[in-house]
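When reading the values below, keep in mind they use all heavy atoms of this one structure, side chains included, and skip hydrogens, waters and symmetry mates. Computed from a predicted model, the values in this text were never measured in an experiment.
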Amino acid sequence: MAKELGVGIIGCGNISTTYFSLAPLFKGLKVLACADINMEAARARAEEYKVKAQTIDELLANDELDVIVNLTIPDAHFPVSKRILEAGKHVYSEKPLVLTLEQGEELRRIAKEKGLAVGCAPDTFLGGAHQLARKFIDDGGIGRITSGSCHVMSPGMEMWHPNPDFFFLPGGGPILDLGPYYVANLINLIGPVKRVGAMTSMASPTRTITSQPRNGEIIPVKTPTTIQALLEFVSGARITLTASWDVWSHRHANMELYGTEGSLYVPDPNFFGGTVEASGRDKDIKPLENWAHPFGIANQESPSGARANYRTAGLADMAASLIDGRDARCSLDRTLHGVDVMTSILKSGEEGRFIDLTTTCTQPAALGIEEAQALLK
């Protein structure tokens, strides 16, 4: 296979700028074209990033493209990814890959038939902070992980997003929107999940938009906005996960893991960087010694200061896996297991019982300093 894959992008909304601007950091990727149901949006991105604007049909038929990135809205992820596979192209999708396990199994079937790869975000678990946490765990830093807690909570999206409707409809909600970051990192750090139990609720059947341009408009809420889940891992670890858009403020850490020899404090899995802290049996919590991981180096300014942003690392790793003939870290098996975890959590909340998962996966290979450097130009 060629040492560089031609990349096309379907979906030219806000998230597309991240892929267009960060893909040039990595080996093995060359973005050549983009498409959108709104050709004006496709032309604008094509002009901005000096690529070709095409219709979706033209993009799917473009022989220069090996892999297509699916950046459409979540409800369109399955049909668009299915069309990409049927056109003979590899797929890399934004999260969530699909909204049901059945949709994911259909993509797996088509991909296997055609000898194609499917990958999916999030790839933030490849960040320097989370790989440092992984190394510390693998080196026995806190012994065997027995339990832990994860919290991702806020008041919601209607205060800042111009069109927040889809966040509060089936296929949205905090567990499918933000849960992928937490579940992917837990699989990275601990491995696959065995079963889940959950309680779900919503604070209100409606939301009032306070952002512009729709300030004052009332929208319906048709999916749970607070999810309190318990995940039992194949390893025996039991982790609580709370995901909510009904919380105005809190003091919970994003992720804490407790082991037989100590505790580990992991920064927000929505980002690549951050400070990892740990304690031993002495209960003395200290930052881990920083390491020179390339995906932990700040490369972007944000309202909260400089931060590391290497989104598309998962796409680059997938490209390298296709070229080198190895397993991709953001693989279909791991992504589909994550979908199984999240949809089973919602099902448990509806039915009031524990749900045994029907999928499993392996932990992704750790991404050390040298492996990360090998992905960069």
Side-chain angles (χ1 to χ4, degrees), residues 1-13 15-16 19-20 23-24 26-39 41-43 45-46 49 51-121 123 312-336 339 359 361 375:
M1 184 173 284
K3 294 296 183 182
E4 187 173 68
L5 302 187
V7 178
I9 291 175
I10 296 180
C12 295
I15 188 63
S16 68
Y19 284 83
F20 279 116
F26 297 94
K27 295 176 183 174
L29 302 175
K30 188 171 184 180
V31 181
L32 298 172
C34 65
D36 195 285
I37 55 172
N38 178 353
M39 276 305 297
R43 291 189 196 98
R45 287 286 183 256
Y49 292 99
V51 300
K52 185 185 298 183
Q54 297 186 301
T55 66
I56 292 173
D57 287 342
E58 289 170 342
L59 192 83
L60 294 174
N62 187 338
D63 290 336
E64 292 183 303
L65 304 181
D66 303 289
V67 57
I68 296 180
V69 181
N70 182 355
L71 303 182
T72 59
I73 61 172
D75 194 44
H77 283 181
F78 169 66
V80 171
S81 290
K82 183 178 179 181
R83 284 193 65 191
I84 294 168
L85 289 173
E86 288 172 342
K89 315 288 190 186
H90 304 292
V91 177
Y92 187 85
S93 175
E94 251 305 321
K95 53 81 187 171
L97 175 69
V98 287
L99 301 183
T100 70
L101 191 56
E102 291 74 20
Q103 291 175 342
E105 293 293 359
E106 176 70 358
L107 294 184
R108 191 207 300 269
R109 181 190 65 78
I110 299 169
K112 186 175 181 180
E113 265 183 17
K114 293 183 171 288
L116 297 168
V118 178
C120 187
D123 55 5
T312 69
L315 175 61
D317 181 70
M318 176 178 161
S321 76
L322 290 167
I323 292 167
D324 300 338
R326 62 166 174 81
D327 181 43
R329 291 172 172 87
C330 297
S331 69
L332 176 58
D333 284 350
R334 295 184 190 100
T335 297
L336 198 51
V339 169
T359 65
C361 66
L375 296 177

Validation row: [X], [Y] side chains within 4.5 angstrom (heavy atoms):
| X | Y | value |
| --- | --- | --- |
| Y49 | S16 | no |
| F20 | I9 | yes |
| D123 | L315 | no |
| V69 | I10 | no |
| L97 | V118 | yes |
| V7 | I68 | no |
| R83 | I56 | yes |
| C120 | C330 | no |

Does [X] come within less than 4.0 Å of [Y], counting only side-chain N to carboxylate O?
| X | Y | result |
| --- | --- | --- |
| E113 | R109 | yes |
| R108 | D333 | yes |
| D327 | R334 | yes |
| D66 | K30 | no |

Of all the heavy-atom pairs spanning [X] and [Y], show the shortest one and how long it is.
| X | Y | result |
| --- | --- | --- |
| T72 | N70 | OG1-OD1, 2.7 Å |
| A319 | L29 | CB-CD2, 3.7 Å |
| A87 | L60 | CB-O, 3.7 Å |
| H77 | S93 | ND1-OG, 3.8 Å |
| L59 | C34 | CD1-N, 4.0 Å |
| D36 | A42 | N-CB, 3.9 Å |

E105/L336 under side-chain contact (heavy atoms from CB on, under 4.5 Å): CA gap, chis, key distance, verdict = CA-CA 8 Å; E105 293 293 359; L336 198 51; 3.9 Å; yes
query = Taking only residues two or more places apart in sequence, or in another chain, which ones meet F78 in a ring pair (Phe, Tyr, Trp, His ring centres under 6.0 Å)?
reply = none
Between atom [atom1] of [X] and atom [atom2] of [Y], what is the distance when rounded to the nearest 0.5 Å?
| X | Y | atom1 | atom2 | result |
| --- | --- | --- | --- | --- |
| K89 | L85 | NZ | CG | 12.0 Å |
| I84 | Y92 | CD1 | OH | 13.5 Å |
| M318 | I323 | CE | CD1 | 11.0 Å |
| L107 | K112 | CG | NZ | 15.0 Å |
| T312 | D317 | OG1 | CG | 11.0 Å |

query = Just checking, is any N or O donor in the side chain of T55 or D57 under 3.5 Å from an acceptor N or O on the other one?
reply = no
task = Verify the distance criterion only: is there a donor paired with an acceptor across the side chains of R326 and S321 at less than 3.5 Å?
result = no
Residue K27 excluded, over 12 heavy atoms near NZ under 6.0 Å =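 More than 12 heavy atoms, drawn from other residues, nucleotides or ligands, come within 6.0 Å of this atom.
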query = Does A117 offer a backbone N or O that forms a donor-acceptor pair with the side chain of H90 under 3.5 Å?
reply = yes
key: Counterpart residues, side-chain contact (heavy atoms from CB on, under 4.5 Å), relative to K52 (two or more places apart)   =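 Only A33, Q54, E64 meet the side-chain contact (heavy atoms from CB on, under 4.5 Å) criterion with K52.
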